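Below is one structure, written out as structure tokens; the observations come after it.
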Protein chains: 4
Amino acid sequence: MIIEIDQSDDVPIYEQLRRQVIEAIANGELVPGDKLPSVRSLAVDLGVNLHTVNKAYALLRDDGYLNMRRGSGAVVAERRDEAGHGSAAVDGAQWSAMNNELRRIILEHKARGGTAESFLDTVRHQCASIYGLQNPSRDEGRRSGNDVSSRRSS
Amino acid sequence: MIIEIDQSDDVPIYEQLRRQVIEAIANGELVPGDKLPSVRSLAVDLGVNLHTVNKAYALLRDDGYLNMRRGSGAVVAERRDEAGHGSAAVDGAQWSAMNNELRRIILEHKARGGTAESFLDTVRHQCASIYGLQNPSRDEGRRSGNDVSSRRSS
Amino acid sequence: MIIEIDQSDDVPIYEQLRRQVIEAIANGELVPGDKLPSVRSLAVDLGVNLHTVNKAYALLRDDGYLNMRRGSGAVVAERRDEAGHGSAAVDGAQWSAMNNELRRIILEHKARGGTAESFLDTVRHQCASIYGLQNPSRDEGRRSGNDVSSRRSS
Amino acid sequence: MIIEIDQSDDVPIYEQLRRQVIEAIANGELVPGDKLPSVRSLAVDLGVNLHTVNKAYALLRDDGYLNMRRGSGAVVAERRDEAGHGSAAVDGAQWSAMNNELRRIILEHKARGGTAESFLDTVRHQCASIYGLQNPSRDEGRRSGNDVSSRRSS
DNA sequence: GTGGTCTAGACCACC
DNA sequence: GTGGTCTAGACCACG
């Protein structure tokens, strides 16, 4: 896994970090049980402050993506497929947020003269590129010691 | 047209304003040639700072939604359906931004365990609600003196 | 309103702050629309760091007690009595957390040999002391400029 | 008795352990004289650090729930129903702590708009579920060799 | 002037 | 060793 931070981007660093971890989970580069680098080591690797990484990890924990514990590090959480253990509220809030974002994007698309069909085409294309090809380069048996690399960008 | 500002929302006021103008254009409540209220009057009506309204208008102009001229106020721009008149770069940037947002949303959806089909269903539902019913209560011939009302929210 | 911080307490400062704001809201010392002191000024008054106050305010905002906006300060939020605007998930999580705490306390009470009736007596007594006497020293018409004092403790 | 540790919970492991022992005492699954598993064996069973179990046991001893003697392991203490044998200070501290927690919970409930009656209803419901049905599957005469099982949770 | 973000460096609780 | 909290001081976006 490669994490890349763009200091000049207007999206906050902690948010860039958060998104890339989510992307890695979506891609299957990170699977439940994988251990993430410690906040300190990742902060050093990325050349950012400890607190910035900490905030990203904390947000991911609040959204149910990570489990964090003082002594142990941060590990990718099991996927909570169905409800029943109290975190359904979190899912509901995330689903609602996604719908609002989606609605806004579609409205902007329509305001620019786009049709429903052209939007659906774009979505289908993106879904194909994201869901189409799984990550085959992963050893299914391995569960720890995942290689998380990093790169700094200007 | 009714503009409503939610002071408790964490999205900036200028962005709320911008989005609602775009939504009005998408819905057909605002059509090319319609005149928007002046920066001053809208700021007073909404109870927000003059600079805030100004920023929203400037962003809408930069994105090609409005034409602004000192003294003559802001006017809804003609829709630039296809390229050719120099603003292709703007459209390209907007299309790219939309695609990035879309990609991020889909990745988050997938990371939470959602399928491509469930995402497409959501998109279809949203498109139906947005594109399905046009705003029939509009006199297509009218070109000025559009009713832009406003409301403050707690 | 008087806020008092105990640096030697093992409960974090930001949590002490959070609880006292909640207490003030419960007591009616703070009503919706009241403006809280800015993070900077309160930090100076309490002799703690800016970020500590900021974290307390952010938690209160996440729980729906405060509305915060960059330019304006922190304001006590309207009470969201019924559902419908997306924050029902927050309420659900808070209700669930309260129930868990309550259950743990009752179990500990029972393990120490306490009866259900003795626990209920304690609860009734506390409710009477909290709900019994409202705060009559508040001018109902006033909506801003509330006096928030502070005190440091060893 | 089954002890289950949730590594994803944000409450410390030693505290989870402590609470579950208290719950077992409240339920009658553990009665005075029962012997708890040794620190070492329980640590191995749960897959946690030895110090963590040790801390939980020490806290339970400090609160008067357990008697510990080097070499003879931990034993559930007699219930000190009334005062008189020197540990009244401990009881007083625990009673005070419970009252503080209770007060804080009620204040938060009131700040969210809850009534005294709705809180009492919740308490009555919880008391009924905790005090209502005792654990009938226990041989009252048995005093040793209690079955304390354990389970790890993801 | 407000809150939001980032940095730098410290101490503590947990494991 | 880990994450959690606190301090001190800086810059920026928002209003």
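Predicted, not measured: the structure shown is a model, and the values here were computed from it. Within every chain, numbering begins at 1; the chains are lettered A, B, ... in the order of the sequence lines, protein sequences first and strands thereafter.
- With sequence neighbours excluded, the residues forming a salt bridge (charged side-chain N to carboxylate O under 4.0 Å, His left out) with A:Glu15 are A:Arg18, A:Arg19, listed by chain and number.
- For B:Arg40, the CZ atom counts as loosely surrounded, since its 6.0 Å shell holds 12 or fewer non-hydrogen atoms of other residues, nucleotides or ligands.
- D:Asn49 places a side-chain N or O within donor-acceptor distance of the main-chain N or O of D:His51, the cut-off being under 3.5 Å.
- Listed pair C:Tyr14 / F:dC6 fails the phosphate criterion, with no side-chain N or O lying under 4.0 Å from OP1 or OP2.
- Taking atom NZ of residue C:Lys55 and atom C1' of nucleotide E:dT5, one finds them 15 Å apart after rounding to whole Å.
- Of the candidates E:dC6, E:dC15, F:dG15, the closest approach to any side-chain atom of C:Ser72 belongs to F:dG15.
- Atoms CG (D:Asp10) and P (E:dA13) sit 18 Å apart, rounded to a whole Å.
- The interatomic distance linking C:Ile13 (CD1) with E:dA10 (P) rounds to 19 Å, in whole Å.
- Between the side chain of A:His51 and the base of E:dG9 there is at least one donor-acceptor pair of N/O atoms closer than 3.5 Å.
- Taking atom CG of residue C:Leu60 and atom C1' of nucleotide E:dG3, one finds them 15 Å apart after rounding to whole Å.
- Considering only side-chain atoms of D:Asn49, the nucleotide from E:dC15, F:dC6, F:dC14 that sits closest is E:dC15.
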#### Entry: Dot-bracket line, read 5' to 3' along DNA chain F, where crossing pairs take [ ] and | marks a partner on another strand, Watson-Crick or G-U under 3.5 Å
||||||||||||||.
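- For the pair C:Arg70 CZ and E:dG4 P, the interatomic distance rounds to 7 Å; values are reported in whole Å.
- Between C:Val76 and C:Leu66, the closest side-chain pair of non-hydrogen atoms falls below 4.5 Å.
- In the set E:dT5, E:dT7, E:dC15, the nucleotide with an atom closest to the side chain of C:Asn54 is E:dT5.
- Rounded to whole Å, the distance from CD on B:Gln7 to P on F:dC14 is 15 Å.
- For A:Met68 and C:Pro12, each mapped to the nucleotide of DNA chain F holding its nearest heavy atom, the one lying further toward the 5' end belongs to A:Met68.
- Remark: C:Arg69 is in phosphate contact with F:dG15, judged by side-chain N or O atoms under 4.0 Å from OP1 or OP2.
- For the pair C:Glu15 CD and F:dC6 C1', the interatomic distance rounds to 15 Å; values are reported in whole Å.
- Counting non-hydrogen atoms under 4.0 angstrom, B:Val48 reaches nothing in the nucleic acid.
- C:Leu46 places its CG atom 12 Å from the P atom of F:dC6, with the value rounded to the nearest Å.
- Residue C:Ser38 has its side chain nearest to E:dT2 when only E:dT2, F:dT5, F:dG3 are considered.
- Taking 3.5 Å as the limit, the base of E:dG3 and the side chain of C:Arg40 contain a donor-acceptor pair of atoms between them.
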